[in-house]
Amino acid sequence: KSEHILISGHDGGTGASSWTGIKGAGLPWELGLAETHQTLTLNNLRSRIVLQADGQMRTGWDVMVAALLGADEVGFSTAPLIVMGCTMMRKCHLNTCPVGVATQDPELRKKFE
């Protein structure tokens, strides 16, 4: 039973996916959100589901568009990561994050503390 659906656009992501996934997959969140909202509404399921959208959400305009297309929640990831010190090296999936934000390597994690 689904209670929460996340629509994540192709523009988002921190680089934790493989390079082919980052460059060769996905659609804009606007399309997925609008389709999901309409399908749930047509099937009388919309009141049971929380829709969240993310993927390069940066401004109030993005939040407003997401709300108008049916989002109940909006996720922000890139801006908080940058505030935490991320330099957007797109190496998250390699476990070699140079600033220690996205790694499990104890030596690299020390840079983030």
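- Applying the salt bridge (Lys or Arg N to Asp or Glu O under 4.0 Å) test to every pair with at least one member in residues 62-85, sequence neighbours left out, gives these pairs: R46-D72.
- Here the closest non-hydrogen pair linking C86 and V101 is N-CG2, 4.0 Å.
- Residue L42 belongs to no hydrophobic cluster, having no ILVMFWY side-chain heavy atom closer than 4.5 Å to its own.
- In terms of heavy-atom proximity, G85 sits nearest to V99 at O-CG2, 3.5 Å.
- Applying the under-4.5 Å side-chain rule to Ile, Leu, Val, Met, Phe, Trp and Tyr, the cluster around V74 extends to I5, I7, W29, L33, L40, L45, I49, L51, M57, W61, V63, M64, V65, L68, L69, F76.
- The salt bridge (Lys or Arg N to Asp or Glu O under 4.0 Å) pairs that include a residue from residues 27-36 number zero, where partners must be two or more places apart or lie in different chains.
- A search for side chain to side chain donor-acceptor pair (under 3.5 Å) contacts involving T103 returns N95, not counting sequence neighbours.
- Evaluation of the side chain to side chain donor-acceptor pair (under 3.5 Å) rule for Q104 yields no partner, not counting sequence neighbours.
- Of all heavy-atom pairs spanning K111 and P98, the tightest one is CD-O, 3.2 Å.
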